[in-house]
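Everything on this sheet refers to the single structure shown next.
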Amino acid sequence: MYACFADSIQPDKLDKTPFQFEHKLMGHPALELSNLAQVLPALGERVMYSKGMAQLGANFDRAHIDHQNGLSIEETIDQILTTQSYVAVRGPENHASFKDLHRSMCDDIARLMKRNGSGTLPTDAEMWLFIASPNAVTPFHFDRFSNFLLQFRGSKQVAVFEPWNDEVIAPTQYEAYTARSDRQMHWDDRMDRHAHKFNFQAGQAIHIPFLGGHYVKNGPEDVSISMAIFYHTDVTRRFRQALIINDLLRRRLSRFGLAPSAVNSAGSMDGLKSGLYPIVKGIANLKGRLTGAKADDASEGY
């Protein structure tokens with residue numbers, strides 16, 4: 001039934017809880033290191049790389065700026081086994097060798113969405129590649145999308161937290177990153193008691209729910225190659241819009257000592273907030289055109 005995912009996947013669990021399953025893409029030629037050595041230099045600024053990180057509380061978004069490894073991307077890939085490096089590639093589907101794979105994954109996700117009632121087609125679907133030296137760490141963070149993570153080489157431990165848990169990520173953090181790309185995350189080892197931990201091997205996949213916090217520790221034995229696809233369903237898109245409006249409301253109301261109810265909580269009026277989003281964004285875009293500035297989102301910068 002599915003081209004990329006095991007037919008045993010359970011659509012009812014999507015965006016509710018993380019889970020592990022098998023994928024069908026082992027041996028795909030696009031994911032071979034020989035092909036990646038040609039693809040990555042061609043993708044230019046879509047390729048970000050750094051020294052391998054070690055701290056769960058590091059700033060993941062700035063690693064390629066703050067922790068450069070001193071090598072070219074060609075040297076990094078050629079020496080990835082020994083240089084303690086980390087490579088992240090945004091949108092490899094922009095290269096011809098990944099286009100069919102991207103299409104197949106979107107088709108599988110569309111089937112899952114139809115089965116669980118969250119829509120008919122994924123939107124904003126974008127692939128990411130991650131290539132890391134042994135023992136590299138991906139710091140604790142969350143994404144503004146639903147996510148499937150597939151492993152192709154090496155092993156890792158993946159810790160995933162269920163979304164909407166205030167003891168792990170505060171509502172204000174969800175809002176700030178969704179609206180304004182502010183993703184410096186606080187990490188406390190005590191939060192680990194909430195994690196679902198997966199020992200992740202080549203041939204396996206994990207579903208990371210929308211807004212589910214997670215971190216990754218690569219195994220010591222080999223280079224890790226994994227690929228993710230991020231996307232929105234109709235449901236997660238509405239939550240995203242409500243979070244952006246909530247961030248705007250929180251900043252405006254704070255001067256009066258008031259605060260809106262958190263998204264996905266009792267009395268939060270998420271449907272109304274989501275409905276306001278296109279109106280607020282339209283006003284922001286009009287203001288931007290009048291002032292000569294570009295408004296990327298409903299809030300003050302995305």
Side-chain angles (χ1 to χ4, degrees), residues 3-6 9 18-37 39-40 43 46-54 56 60-61 63-64 73 76-77 80-81 83-95 97-98 101-102 104-106 108-109 125-143 145-161 195-209 212-231:
C4 305
F5 304 147
I9 190 171
F19 61 90
Q20 185 169 302
F21 60 100
E22 305 294 316
H23 70 76
K24 300 178 180 179
L25 296 176
M26 289 301 295
H28 195 287
L31 277 302
E32 295 295 332
L33 205 55
S34 57
N35 184 62
L36 295 178
V39 169
L40 270 55
L43 290 174
R46 293 182 175 276
V47 181
M48 294 155 280
Y49 59 104
S50 66
K51 294 179 182 177
M53 292 167 278
L56 293 181
F60 185 43
D61 287 343
H64 64 290
I73 185 58
T76 298
I77 294 300
I80 192 72
L81 186 63
T83 55
Q84 288 298 305
S85 296
Y86 185 95
V87 181
V89 185
R90 180 176 184 175
E93 66 270 16
N94 287 277
H95 190 276
S97 63
F98 279 87
L101 180 55
H102 180 263
S104 294
M105 295 194 75
C106 287
D108 276 7
I109 293 169
E126 184 174 53
M127 296 165 68
W128 280 77
L129 282 175
F130 304 103
I131 308 168
S133 298
N135 295 311
V137 170
T138 302
F140 175 65
H141 67 287
F142 71 93
D143 303 304
F145 300 87
S146 296
N147 175 11
F148 286 105
L149 178 66
L150 290 70
Q151 189 73 5
F152 292 88
R153 176 173 169 176
S155 66
K156 56 182 66 173
Q157 182 191 79
V158 183
V160 188
F161 300 79
H196 297 257
K197 293 189 177 180
F198 303 96
N199 293 315
F200 202 35
Q201 307 288 331
Q204 296 179 325
I206 292 174
H207 171 62
I208 300 176
H214 52 283
Y215 66 80
V216 177
K217 296 180 179 180
N218 289 319
E221 76 285 352
D222 196 6
V223 172
S224 172
I225 299 178
S226 56
M227 181 181 70
I229 184 162
F230 297 91
Y231 64 95

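The structure presented is a predicted model; accordingly, all values stated were derived computationally and were not measured.
- Counting heavy atoms from C-beta on, the side chains of P134 and L81 come closer than 4.5 Å.
- For the atom pair CG (L31) and CG (L150), the distance works out to 8.5 Å, reported to the nearest 0.5 Å.
- To the nearest 0.5 angstrom, K197 atom NZ is 5.0 Å from Q157 atom CD.
- Checked by atom type and distance alone, the side chain of H214 never pairs as donor or acceptor with a backbone atom of D143 at under 3.5 Å.
- Closest of all the heavy-atom pairs between A136 and S85 is CB-O, 4.5 Å.
- Side chain of E93 to backbone of H95: no donor-acceptor contact under 3.5 angstrom is found.
- With a 4.5 Å cut-off on side-chain heavy atoms, I131 and L40 count as touching.
- For an aromatic pair to be called close, the ring centres must be under 6.0 Å apart, and F148 with H207 satisfies this.
- Taking every heavy atom of both residues into account, G203 and E22 meet most closely at O-OE1, 3.2 Å.
- Within the 4.5 Å cutoff, the side chain of V87 has no heavy atoms near those of the L129 side chain.
- Using a 4.5 Å heavy-atom cutoff, the side chains of I229 and C106 are in contact.
- Between P18 and P209, the shortest heavy-atom contact is N-CG, 3.7 Å.
- Scanning all heavy atoms of the two residues, the minimum distance from M26 to A202 falls at CE-CB, 3.9 Å.
- Once rounded to the nearest 0.5 Å, the distance linking OG of S155 with CD of Q201 reads 5.0 Å.
- Less than 6.0 angstrom separates the ring centroid of F140 from the ring centroid of F161.
- Ring geometry, H196 versus F198: the interplanar angle falls under 30°, so the pair is classed parallel (tilted spans 30 to 60°).
- For the pair V137/Y86, no side-chain contact is recorded, criterion being any heavy-atom separation below 4.5 Å from C-beta on.
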Checking side chain to side chain contact (heavy atoms under 4.5 Å, CB included) for the pair L149/F200: CA distance, chi angles, key distance, verdict?
CA-CA 10 Å; L149 178 66; F200 202 35; 3.9 Å; yes
Could you walk me through whether N35 and F98 pass side chain to side chain contact (heavy atoms under 4.5 Å, CB included), step by step?
CA-CA 10 Å; N35 184 62; F98 279 87; 4.0 Å; yes
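- Expressed to the nearest 0.5 Å, how far OH of Y231 lies from CE of M127 amounts to 14.0 Å.
- Looking only at distances, a side-chain donor or acceptor of D108 sits under 3.5 Å from a matching main-chain atom of F5.
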Test I9 against F19 for side chain to side chain contact (heavy atoms under 4.5 Å, CB included), laying out the working first.
CA-CA 9 Å; I9 190 171; F19 61 90; 3.8 Å; yes
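- Ring pair F230/F145 is perpendicular by interplanar angle, where above 60° counts as perpendicular and below 30° as parallel.
- Side-chain contact between S226 and Q151 is present, with at least one heavy-atom pair separated by less than 4.5 Å.
- Residues P139 and Y215 share a closest heavy-atom pair of C-CB, 4.0 Å.
- Rounding to the nearest 0.5 Å gives a distance of 12.5 Å between NZ of K156 and CG of N135.
- Of all the heavy atoms in V39 and S97, the pair that sits closest is CG2-OG, 3.5 Å.
- With rounding to the nearest 0.5 Å, the separation of CZ in R90 from CE in M48 is 7.0 Å.
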